[in-house]
S.K.: 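Input: one structure, supplied below.
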Amino acid sequence: MNYFKYIKDILLVEVEALIVDGKFPVGLDLSRIGVEPTKDPAHGDLASNAAMVLAKPAKTNPRELGQLLADRLTQCVDIAGADVAGPGFINLRLVPEFWTNQIPAVLKAGTAYGDCDLGSNEAVNVEYVSANPTGPMHIGHARGAVIGDALASLLNKAGYNVTREYYINDAGAQVDVLARSTHLRYREALGEDIGAIPDGLYPGDYLKQAGQELAQRDGDKWRDAAEEEWLAALRVFAIDAMMALIRDDLAALGVKHDVFTSERTLVGTGANDEVVEELQSRDLVYMGVLDPPKGKLPEDWEERPQLLFRSANFGDDVDRPLKKAEGDWTYFASDIGYHRDKYRRGFASMIDVWGADHKGYVKRMQSAVNAITEDKGSLDVRLCNLVNLLEDGKPAKMSKRAGSFVTLRDVVDEVGKAAVRFMMLTRSSDASLDFDLKKVTEQSKDNPVFYVQYAHARICSVIRNTADAFPDLLLDDSSLSSADVAQLQDPGELAMIKELASWPQIVESAALAHEPHRVAFYLSDLAASFHAFWNRGNADESLRFIVPGDSTTTVARVALARAVAVVIASGLAVMGVEPVEEMR
RNA sequence: GCGCCCGUAGCUCAGCUGGAUAGAGCAGCGGACUUCUAAUCCGCAGGUCGCAGGUUCGAGUCCUGCCGGGCGCGCCA
C-alpha cells in the first residue's frame, strides 16, 4: 500500500465533508492537493499543502482553513495528531500502530511488496538494446540493456502490461559490410592468407568463428563467386551469427526480451510502403528539397529532391526525408514503419531506450508517432549517456580480441552481472557514468553494490544467529508476520519502518517518471539507514536485535530486520540483481 | 547559426515533476571494534543551487534573457 495515497484519500474525504458542511465553497479544484513526506521529523510524518492550495479560491487564509481540516483529521483512527505550521502546512503524525502494522504487511507480501495498479494493466512496449547485429555488445550497449530491462521490470511492478522488445537493425548498409567482412574470414578459414583487414570492413576477431562455421557448412561454394552471388546468403548467415553472439551476451547479463523484430523482415512485408501510403493519403508526404543546415554548409552540398515527411507539422523543426536521393528507404522511414507496427500490435504507449548519440532523432520520431497514431499514441525516449570504463581511476585498456572496444562479456566475466547491472543504475540515464572495474568488486561502502548487498547479508546473518540463540522459535516470514510488533515503539525503530513503507511510493514515482535509477538510490539510502540502525547495538547492547532471554522482543526486532531484507530484495528484483545471504 | 541536454559543497552526483532550515558519497579532520559481520557507524567542516529578471502564498525545480560546457544538425545507423 502506498500510504501517501491512503492518507491523501482520507484528507480528501474531509475536504469534501467541509464542502458539504458549507465551510468550503463548492467547485474547488482539488487536483493540486498533495501529501508528502516531511524532511524534518519535527514536522511529523506527513505534510499536506491542502490549506495553501485551497486558501485563495476559498477566499480565506491558509492557517484558518488548515485548522478546520486539522481538527477533523485528528478524529481519524490512523492519525495521532494534526496541526498547522509554517505558511499553512498541515502536519500529520500517524499512530504508532499504523507504522508497526507495516511489518506484517511487508512480510506477507514478500518481494511483491510495492506492487501496485498504477498502470491498470495498460500495454506498454519497451524497446531496448537494439544494437546493430555487426558484432558483440560493448559496455555502452550494456547500459541501455540494463536501463531498459529495469524500466520494464519497474513498469511491470507498477501494474503495466509490459512487452520487452529488441529491434534488429539488419537492413542498412552496415549489414552488407558485415557480409563482406564475413566473406573475408570465410576465405581465411579456407586457408587463404587474407593479410590485413581492409579499411571499411569490420576487423574484429569475433568474425573468425563465423567464417569457420560458414566454411564448414558450405565448403568452398562461395570462395570464388562474385559478390552479387553470395552477398544475400552471407548477410543472412552473418546476421544470424551476430544475433547469436548478442543473445549470448544478453543472457550473460540476464537481460531478456519477449519480442525480436527484424527491420529487414518488416520492410520486406511492405511496412514502409504501407505507412508512406497512409501518410500520402493524409497529404503528409511530398517530393521536396530541404534547406541546408543553417550556419554549417556541408562542402558537398547540392539540392536533391527527396521524398519528405511533414514532421514539422507535428512538432519537429523541419521536414525529414523518407527516401535517399537514390530512392532507398532511410532509416527514419523504417523506424516510422516499425513504430506503426508496434502501435498496430496494441501499444499506444511506447518507450525506446537509445544511446545519447541519437538525441537528434528524438523529436522527429515523436513527431512521426504523433502523426501515425493521430495523437493517440505516445513515445518516450530514454537516452543513455556514455560509460567511461576505468581501471582503478585510469581508462581501462582495450580488449585485444574485439578490436577497438571493450566487450560486455569481458566486463561481466571480470566483475559479475550483478555488479554491472547495479552500477549502470547508479546515475540518471542521461548523465555519463564512470564504471571502475576495480571499485565495483571492492568490499567497501564506496561500492554501492556491496553496500546494499551487505545490508541484506547482515540481516540474513541475524536470522541465522537468532535461530541458534532460540532453537525453538519459528523464523520463517509467515511466523514472523505474527510477531508482537506493537512493542517496537523506539523512535529509531519507527523511523526504520517509515523508510521501508515508502517503497511503494518510490515504485510509483519512478515508474511514472520512467526512471529506474531511483530504485538504486532508494536502496542505497535504505541500506545506509539499516547499517546505522544496526550500529546502535554496538553502542548500546540493549538495542541489538537478539536480546538474550527475551524471545518476544527478539522476534519483533527480527521481523523488522527481515522486512528490511524483503524490501531490499524487492528493489533488487527490479534491478535484476539477486540478493546475497552471506558474504564472508 | 539552429535544436536538445547540462551547470547544485574541493570532486562525483541526488533532489520524489512547486513546499518549510538544499542532501548523500568521496576527499579532509576527530571519534566508536574481547562485534547480533567495524566490509560498519557517529561527529565536525564545507553552498550566492552559473547570472539577472519574471510567474505565486512559496522557485534548485516553471517562464524569459544572458554566461559557460557537452552533443547533434540533408541521404549514414
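Each chain gets a letter, A, B and so on, in the order its sequence line appears, and its residues count up from 1. Quantities reported herein were computed from a predicted structural model and do not represent experimental measurements.
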S.K.: Say we look at B:G58 and B:C73: how far apart would their P atoms be, to the nearest angstrom?
M.R.: 44 Å
S.K.: Identify whether any heavy atom of A:A173 sits under 4.0 Å from a base atom; if not, whether one sits that close to sugar-phosphate; answer base, sugar-phosphate or nothing.
M.R.: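 Sugar-phosphate contact only - A:A173 comes under 4.0 Å of backbone atoms but never of a base.
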S.K.: Compare every heavy atom of A:V415 with every heavy atom of A:A419, then report the nearest pair and how far apart it is.
M.R.: CB-O, 3.6 Å
S.K.: Decide, applying a 5.5 Å centre-distance limit and a 30° plane-angle limit (both strict), whether A:F521 stacks on B:A14.
M.R.: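 The ring of A:F521 is not stacked on B:A14.
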S.K.: Which is true for A:G537 with a 4.0 Å heavy-atom rule: it touches a base, it touches only sugar-phosphate, or it touches nothing?
M.R.: base
S.K.: Distance check: side-chain N/O of A:N447 vs OP1/OP2 of B:G25, anything under 4.0 Å?
M.R.: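 No, because none of the side-chain N or O atoms of A:N447 sits under 4.0 Å from OP1 or OP2 of B:G25.
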S.K.: Less than 6.0 angstrom separating the ring centers of A:Y128 and A:Y166, yes or no?
M.R.: no
S.K.: Kindly indicate whether the side chain of A:L322, heavy atoms from C-beta on, has any atom under 4.5 Å from the side chain of A:I336.
M.R.: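 Yes, their side chains come closer than 4.5 Å.
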S.K.: Who does B:U64 pair with, Watson-Crick or G-U, both distances under 3.5 Å?
M.R.: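 Answer to the pairing question: B:A52, which forms a Watson-Crick or G-U pair with B:U64.
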S.K.: Grab the NZ-P distance between A:K56 and B:U55 for me, whole Å please.
M.R.: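 Answer to the nearest Å: 12 Å.
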S.K.: Rounded off to whole Å, could you give me the OH-to-C1' distance for the A:Y286 and B:G74 pair?
M.R.: 12 Å
S.K.: Using a cut-off of less than 4.0 Å, is there contact between a side-chain N or O of A:Y522 and OP1 or OP2 of B:G15?
M.R.: no
S.K.: Using atom P of each nucleotide, how far apart are B:C6 and B:A14 to the nearest Å?
M.R.: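 After rounding to an integer number of Å, I get 10 Å for this pair.
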S.K.: Would you tell me if any nitrogen or oxygen in the side chain of A:H517 comes within less than 4.0 Å of OP1 or OP2 on B:G15?
M.R.: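 Yes.
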S.K.: Starting at CH2 of A:W503 and ending at P of B:C16, how long is that distance when rounded to a whole Å?
M.R.: 17 Å
S.K.: Just to be sure I understand the rule, does A:P321 reach a base, reach only the sugar-phosphate, or reach nothing, if contact means heavy atoms closer than 4.0 Å?
M.R.: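 A:P321: backbone/sugar contact only, no base atoms under 4.0 Å.
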S.K.: Does the ring of A:W534 carry A:R458 above it, NZ/CZ under 6.0 angstrom from centre and within 45° of its axis?
M.R.: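 Yes, A:R458 and A:W534 form such a contact.
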S.K.: According to a strict under-4.0 Å criterion, is A:T38 in side-chain N/O contact with OP1 or OP2 of B:A20?
M.R.: no
S.K.: So for A:D525 and B:A14, does any side-chain atom that can act as donor or acceptor lie under 3.5 Å from a complementary atom in the base?
M.R.: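 Flag unset: no donor-acceptor pair detected.
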S.K.: For the P atoms, the ones on B:G72 and on B:G65, what distance do you get once it is rounded to whole angstrom?
M.R.: 25 Å
S.K.: Between A:K39 and B:A20, is there a contact of a side-chain N or O with OP1 or OP2 at under 4.0 Å?
M.R.: yes
S.K.: Taking only the C1' atom of each, what is the distance from B:G25 to B:G68 in whole angstrom?
M.R.: 26 Å
S.K.: Counting Watson-Crick and G-U wobble pairs only, both distances under 3.5 Å, name the nucleotide matched with B:G3, or none.
M.R.: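 Per the H-bond distance test, B:C71.
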S.K.: Would you indicate whether the side-chain heavy atoms of A:E493 and A:R557 approach each other to under 4.5 Å?
M.R.: yes
S.K.: Measuring only the C1' atom in each nucleotide, how far is B:A52 from B:A59? A whole number of Å is fine.
M.R.: 15 Å
S.K.: May I have the distance from A:E541 (atom CD) to B:C33 (atom C1'), rounded to whole angstrom?
M.R.: 13 Å
S.K.: When we call it a touch if two heavy atoms are under 4.0 Å apart, what does A:A469 touch: a base, just sugar-phosphate, or nothing?
M.R.: nothing
S.K.: Counting Watson-Crick and G-U wobble pairs only, both distances under 3.5 Å, name the nucleotide matched with B:C33, or none.
M.R.: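 Its partner is none (no Watson-Crick or G-U wobble pair with both distances under 3.5 Å).
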S.K.: For B:C2 and B:U64, measure between their P atoms and round to the nearest Å.
M.R.: 15 Å
S.K.: Say we look at B:U17 and B:G60: how far apart would their C1' atoms be, to the nearest angstrom?
M.R.: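 Their C1' atoms lie roughly 13 Å apart.
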S.K.: Scan A:S461 against the nucleic acid and name what it touches under 4.0 Å (heavy atoms): base, sugar-phosphate only, or nothing.
M.R.: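 Base: the residue A:S461, judged by heavy atoms under 4.0 Å, touches a nucleobase.
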S.K.: Compute the centroid of each ring, for A:F545 and then for A:F533, and state whether the two points are separated by less than 6.0 Å.
M.R.: yes
S.K.: Paired with B:A59 by Watson-Crick or G-U wobble geometry, both distances under 3.5 Å: which nucleotide is it?
M.R.: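 Pairing partner: none.
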S.K.: Expressed as a whole number of angstroms, how long is the span from A:R310:CZ to B:G74:C1'?
M.R.: 17 Å
S.K.: Could you tell me how far apart A:W534 (CH2) and B:C33 (P) are, to the nearest whole angstrom?
M.R.: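 Result: 17 Å.
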S.K.: Taking atom C1' of B:C57 as reference, at what distance in whole Å does atom CZ of A:F89 sit?
M.R.: 10 Å
S.K.: Between B:C33 and B:G50, how far apart are the two C1' atoms, rounded to whole Å?
M.R.: 46 Å
S.K.: Take A:F530 and A:H456, measure what ring pair (Phe, Tyr, Trp, His ring centres under 6.0 Å) needs, and give me the verdict at the end.
M.R.: CA-CA 9 Å; A:F530 181 77; A:H456 188 272; 10.0 Å; no
S.K.: Find the distance A:E64:CD to B:C57:C1' and express it as a whole number of Å.
M.R.: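 Between C1' of B:C57 and CD of A:E64: 15 Å.
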